[in-house]
Amino acid sequence: MTAPTPRGTFDAIPHYRAGIPAPDDAFKLSSNENPYDPLPSVLEAAQRELARFNRYPDAGLTELYAALSARFGLPAENFAVGNGSVAVLFNLLHAVCTDGDEVIYPWRSFEAYPISVQLTGATSIRVPLKDDGRHDLDAMLAAVTPHTKVILVCTPNNPTGPAVTTDELTAFLTEVPATVLVILDEAYLEFARDEHTASGLQFFASFDNVVLLRTFSKAYGLAGLRVGYAIASVALAAAIRKVTPPFSVIGVAQAAAVASLHADAELLERVDAVVLERDRVVAELRAQGWVFPDSEANFVWLPLGPDAEGFAATCTAAGVSVRTFAGEGVRVTIGAAAANDAFLGLASAWIAR
């Protein structure tokens, strides 16, 4: 007898690789996490909800949708919340893509993109980044065919760091066919400080084919609770909600997300502190002689090419974990000052060999 087997498409789907741990969590620079402990007010809200985990969470996410609506000045019907923005992406692509469709995205970019696309039966169209780690939007436009269903734009781009500018995105969206959905993945937007960086909200108001992805994992420090959301047309938001399994976002996560939105100003002070550390790390690396893309995110990218694995192994041996992309480079998250100093020491010794 022949046992049941998974769909054939699974043979070609890569596994998502999580950031490797470090002996001390503070020196784990392999995952894009916020180095600060939860705010007391957010922790208190989560603990209150934790005391009632014998109850199902609110499947309608009523308070969270109301808080997002108030935060952005948009109707609650324009939001779709899920178990992290990556889960929202998976649900969105399942809602719009099928066999024969094509999804264009930059590469190298977020590792979950090829997984999310292939699960739908659609075909990935990878467009290489420019040498400076930026999106090649002209090449992405040139890749559009009658089969193109979705274009993914990651800004700031993970793992290289540059953000798409307002002028670039304006020119791009003006040329994209109105029938093609453009997903702006803005997981790191809160860390951007370049005044020319595009904000998806501006384009969402002007283009009917634009969807935004946002997350509470990075700037808001809720990575372990998994809350993300889309800002989309009412029809698309409803479709994402329909595809999302019931009770995907637990009550503790909902409570923490609502409390985080209420503590917005305090949390963004912490983001400013991370940005200051990023600027310090960037300045020191460049003084050491490293050449790498400008970053508008909470990490830096070192394009080490074939030396990537060797450098990462050196870091691991010293108790610092970084994210390796074999044959391409390493991504290093901005952590606490002590962890950043340890990494900078390793980087200095490496380049001086």
Side-chain angles (χ1 to χ4, degrees), residues 12-22 27-33 104-115 117 124-140 143 152-164 185 187-188 191 277-335 339-353:
I13 294 176
H15 288 280
Y16 180 82
R17 296 179 300 117
I20 61 173
F27 290 81
K28 181 189 175 189
L29 307 181
S30 56
S31 294
N32 291 329
E33 300 163 336
I104 297 170
Y105 53 83
W107 199 254
R108 163 75 60 182
S109 196
F110 185 31
E111 281 186 288
Y113 290 165
I115 302 171
V117 171
S124 286
I125 306 297
R126 300 183 183 186
V127 176
L129 298 171
K130 295 181 178 180
D131 291 340
D132 59 1
R134 301 182 64 83
H135 285 45
D136 189 338
L137 293 176
D138 288 338
M140 292 173 74
L152 276 159
V153 175
C154 186
T155 176
N157 186 55
N158 175 21
T160 59
V164 175
D185 186 347
Y188 302 93
F191 299 99
E277 268 296 286
R278 179 190 72 198
D279 292 346
R280 182 179 75 87
V281 169
V282 165
E284 177 61 26
L285 287 171
R286 290 199 164 131
Q288 292 174 7
W290 290 91
V291 178
F292 55 94
D294 293 328
S295 177
E296 293 297 324
N298 67 330
F299 53 80
V300 293
W301 168 255
L302 300 182
L304 282 150
D307 291 332
E309 291 173 292
F311 178 79
T314 297
C315 291
T316 299
V320 177
S321 68
V322 297
R323 184 61 172 267
T324 314
F325 296 83
E328 297 179 64
V330 298
R331 187 195 68 198
V332 186
T333 301
I334 303 301
N340 299 332
D341 288 340
F343 160 69
L344 287 169
L346 294 164
S348 177
W350 180 273
I351 201 168
R353 294 174 306 158

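Checking side-chain atoms of Ser30 against main-chain N and O of Val322 turns up no donor-acceptor pair under 3.5 Å. Using modelled atom types, one side-chain atom of Thr333 and one backbone atom of Ser31 make a donor-acceptor pair closer than 3.5 Å. Looking only at distances, no side-chain donor or acceptor of His135 sits under 3.5 Å from a matching main-chain atom of Val164. At distances below 3.5 Å, not a single donor-acceptor pair connects side-chain atoms of Arg331 with backbone N or O atoms of Thr324. Proximity of a side-chain donor or acceptor of Ser295 to a complementary backbone N or O of Ala297 within less than 3.5 Å is detected. Under the 3.5 Å distance criterion, the side-chain polar atoms of Asp136 are matched with a main-chain donor or acceptor of Ala139.
Residues satisfying the side chain to side chain donor-acceptor pair (under 3.5 Å) criterion with Tyr113, sequence neighbours excluded, are Asp185. Here Phe292 pairs with nothing under the ring-ring contact (aromatic ring centres under 6.0 Å, His included) rule; sequence neighbours left out. Under the side chain to side chain donor-acceptor pair (under 3.5 Å) criterion, Asp294 pairs with Arg286, not counting sequence neighbours. Taking Trp350 as the reference, nothing meets the side chain to side chain donor-acceptor pair (under 3.5 Å) condition, with sequence neighbours excluded. Under the side chain to side chain donor-acceptor pair (under 3.5 Å) criterion, Glu309 pairs with no residue, sequence neighbours left out.
Partner of Phe299 under the side chain to side chain contact (heavy atoms under 4.5 Å, CB included) criterion, out of Ile334, Val332, Leu29, Asn158: Asn158 alone.
A distance of 12.5 Å separates SG in Cys154 from OH in Tyr105, rounded to the nearest 0.5 Å. Atom CG of residue Leu302 and atom CD1 of residue Ile351 lie 8.5 Å apart, to the nearest 0.5 angstrom.
Looking at heavy atoms from C-beta onward, Glu284 lies out of side-chain contact with Trp290 at the 4.5 angstrom threshold. Side-chain contact between Leu129 and Pro106 is present, with heavy atoms from C-beta onward closer than 4.5 Å. Proximity of Glu296 to Phe191: side-chain heavy atoms (C-beta onward) are nowhere separated by under 4.5 Å. In this structure the side chain of Asn157 reaches within 4.5 angstrom of the side chain of Thr160, judged on heavy atoms.
Minimum heavy-atom separation, Gly327 to Ala308: N-CB, 4.4 Å. Here the closest heavy-atom approach between residue Phe110 and residue Trp107 is recorded as O-CZ3, 3.6 Å.
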Side chains of residues 339-349: which donor-acceptor pairs under 3.5 Å do they make with residues two or more places apart or in other chains?
| residue | atom | partner | partner atom | Å |
| --- | --- | --- | --- | --- |
| Asn340 | OD1 | Gly335 | N | 2.9 |
| Asn340 | ND2 | Glu277 | OE1 | 2.5 |
| Asn340 | ND2 | Gly335 | O | 2.9 |
| Asn340 | ND2 | Ala336 | O | 3.3 |
| Asp341 | OD1 | Arg280 | NH1 | 2.9 |
| Asp341 | OD1 | Arg280 | NH2 | 2.9 |

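Side chains of Tyr188 and Asn32: a donor-acceptor N/O pair is present below 3.5 angstrom, by distance only.
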